[in-house]
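So the structure is just underneath, and the comments pick up after that.
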Amino acid sequence: MGGARGGSGLILGSVDVPRYQIRAAHTGSTVTVYQAYRPEIGLAAVREGRFPAAWKRDRMTWIKPSFLWMMYRCGWGAKEGQETVLAVEIAREGFEWAIERACLAHYQPGLHADQAAWKRELRQAPARVQWDPERDLHLQALAYRSLQLGLAGDAARLYADEWTVSITDVTPLAHEVHARVRGGDLEGARRLLPVESPYPVDDGLLAHLRW
């Protein structure tokens, strides 16, 4: 799967990283995002190459382009219900469609006329965005942010049934990186990280999501 792992990974902690920037493993046509599920869902998705019928298409699902933020969220695949970590390669066209139509998950003065306007936008949007602190190998917060993209309604269905190109189980990778971090081999852990580089989007695509 394109960009699932390899190389030296993102140089973490760089002072040159913009505060709001999408960084991801990507090819000319796809972008890799991460999710974690209980094995019944995650392993079925890997076997079938698509999300199974048991995957709830009527619920919001959050996708994360940052491998280390996913590790922070799922505890390196140790949290209950998040034991299977997936790298999901999706079409860039779908990813950008969702970002273009997304609303911030929280009210931000200056971007929204008022809270009522934000709530109306949030109800109508098929996607929402949160910018959470990026994480280092110790899962400590960094000064810059990592994108989380929430998909609901049509966006969730399109993600599951049309945008997905491939699904890979990266749980062994998560465990291996974690083992090296615990053992103090940070350089070895860093070499295993997926290569995440700035995702090429026009600034206008993110203008309604940054402040």
Side-chain angles (χ1 to χ4, degrees), residues 1-5 9-37 59-74 82 85-108 110-112 118 121-122 125-137 139-156 158-160 163-165 167 170 174 193-211:
M1 185 189 79
R5 63 179 292 177
L10 178 69
I11 298 176
L12 300 174
S14 169
V15 295
D16 297 327
V17 178
R19 183 173 175 83
Y20 302 106
Q21 178 193 61
I22 301 173
R23 296 170 302 280
H26 55 85
T27 70
S29 60
T30 66
V31 56
T32 297
V33 297
Y34 299 94
Q35 295 191 295
Y37 292 100
R59 294 175 58 183
M60 176 164 288
T61 188
W62 289 89
I63 58 177
K64 300 109 177 147
S66 166
F67 179 81
L68 283 175
W69 205 96
M70 184 72 257
M71 296 306 98
Y72 167 73
R73 180 68 180 85
C74 71
Q82 300 186 60
V85 185
L86 304 179
V88 185
E89 194 176 22
I90 65 174
R92 281 174 55 165
E93 182 180 0
F95 183 66
E96 292 175 18
W97 180 94
I99 290 172
E100 183 178 8
R101 292 160 176 79
C103 175
L104 274 181
H106 66 276
Y107 168 66
Q108 182 61 41
L111 276 182
H112 308 111
W118 164 70
E121 184 180 343
L122 193 65
R128 60 188 61 180
V129 160
Q130 289 184 186
W131 294 98
D132 296 298
E134 183 60 280
R135 301 287 157 167
D136 64 14
L137 281 166
L139 306 186
Q140 298 300 306
L142 296 172
Y144 49 92
R145 299 287 172 142
S146 177
L147 178 103
Q148 275 200 84
L149 182 60
L151 306 173
D154 289 342
L158 288 167
Y159 167 69
W163 301 344
T164 297
V165 174
I167 302 176
V170 292
L193 292 177
V195 178
E196 295 172 2
S197 57
Y199 184 80
V201 295
D202 185 279
D203 281 345
L205 189 66
L206 294 175
H208 64 300
L209 301 169
R210 297 190 294 201
W211 62 97

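Since we're looking at a predicted model, the values are computed, not measured.
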Could you pull out the closest heavy-atom pair between [X] and [Y], with the gap in Å?
X	Y	value
Gln21	Val17	OE1-CG1, 3.7 Å
Cys74	Ala36	CB-CB, 3.9 Å
Ala207	Leu111	O-CD2, 3.8 Å
Pro126	Trp97	CG-CH2, 4.0 Å
Leu209	Cys103	CD2-C, 4.0 Å
Ala91	Val165	N-CG2, 4.1 Å

- Task: For side-chain contact (heavy atoms from CB on, under 4.5 Å), just list the numbers for Val201 and Ile99, CA-CA rounded to whole Å, side-chain angles, deciding distance to a tenth of an Å, and then say yes or no.
- Result: CA-CA 10 Å; Val201 295; Ile99 290 172; 5.6 Å; no

- Task: Please determine which of His106, Gln148, Arg145 meets the side-chain contact (heavy atoms from CB on, under 4.5 Å) test together with Gln130.
- Result: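 Single pass found, and it is Gln148.
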
Could you give the distance from [atom1] ([X]) to [atom2] ([Y]), rounded to the nearest 0.5 Å?
X	Y	atom1	atom2	result
Thr27	Arg92	OG1	CZ	7.0 Å
Leu139	Arg73	CG	CZ	13.0 Å
Thr164	Glu89	OG1	CD	10.0 Å

- Task: Please identify each residue that fulfils salt bridge (charged side-chain N to carboxylate O under 4.0 Å, His left out) with Asp154, with sequence neighbours left out.
- Result: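 Asp154 satisfies salt bridge (charged side-chain N to carboxylate O under 4.0 Å, His left out) with Arg157 once adjacent residues are dropped.
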
- Query: Excluding sequence neighbours, so at least two apart, what forms salt bridge (charged side-chain N to carboxylate O under 4.0 Å, His left out) with Arg210?
  - Reply: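 Per chain and number, Arg210 pairs via salt bridge (charged side-chain N to carboxylate O under 4.0 Å, His left out) with Asp203.
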
- What is the ring orientation for Tyr199 with His26, classed by angle as parallel under 30°, tilted 30 to 60°, or perpendicular over 60°?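 Ring orientation, 0 to 90° scale: perpendicular.
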
- Message: Could you walk me through whether Val33 and Trp163 satisfy the side-chain contact (heavy atoms from CB on, under 4.5 Å) test, starting with their C-alpha distance in whole Å, then the side-chain angles of each, then the deciding distance to 0.1 Å, before giving a yes or no?
- Response: CA-CA 12 Å; Val33 297; Trp163 301 344; over 6 Å; no

- Do Trp118 side-chain atoms and Leu104 backbone N/O form a donor-acceptor pair below 3.5 Å?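 Between the backbone of Leu104 and the side chain of Trp118 there is a qualifying donor-acceptor contact (under 3.5 Å).
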
Do [X] and [Y] have side chains that approach each other closer than 4.5 Å (heavy atoms only, starting at C-beta)?
X	Y	value
Val31	Ile22	no
Leu137	Leu193	yes
Tyr34	Leu86	no
Tyr159	Val88	yes

- Is the count of non-hydrogen atoms from other residues, nucleotides or ligands lying under 6.0 Å from Glu93 atom CD greater than 12?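 At most 12 heavy atoms, drawn from other residues, nucleotides or ligands, come within 6.0 Å of this atom.
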
Side-chain donor-acceptor pairs of residues 61-71 under 3.5 Å, sequence neighbours excluded:
{"unit_1": "Thr61", "atom_1": "OG1", "unit_2": "Gln35", "atom_2": "NE2", "d": "2.5"}
{"unit_1": "Thr61", "atom_1": "OG1", "unit_2": "Tyr37", "atom_2": "OH", "d": "3.4"}
{"unit_1": "Lys64", "atom_1": "NZ", "unit_2": "Trp62", "atom_2": "O", "d": "3.3"}
{"unit_1": "Ser66", "atom_1": "OG", "unit_2": "Trp69", "atom_2": "N", "d": "3.0"}
{"unit_1": "Ser66", "atom_1": "OG", "unit_2": "Glu134", "atom_2": "OE1", "d": "2.8"}
{"unit_1": "Ser66", "atom_1": "OG", "unit_2": "Glu134", "atom_2": "OE2", "d": "3.1"}
{"unit_1": "Trp69", "atom_1": "NE1", "unit_2": "Pro133", "atom_2": "O", "d": "3.2"}

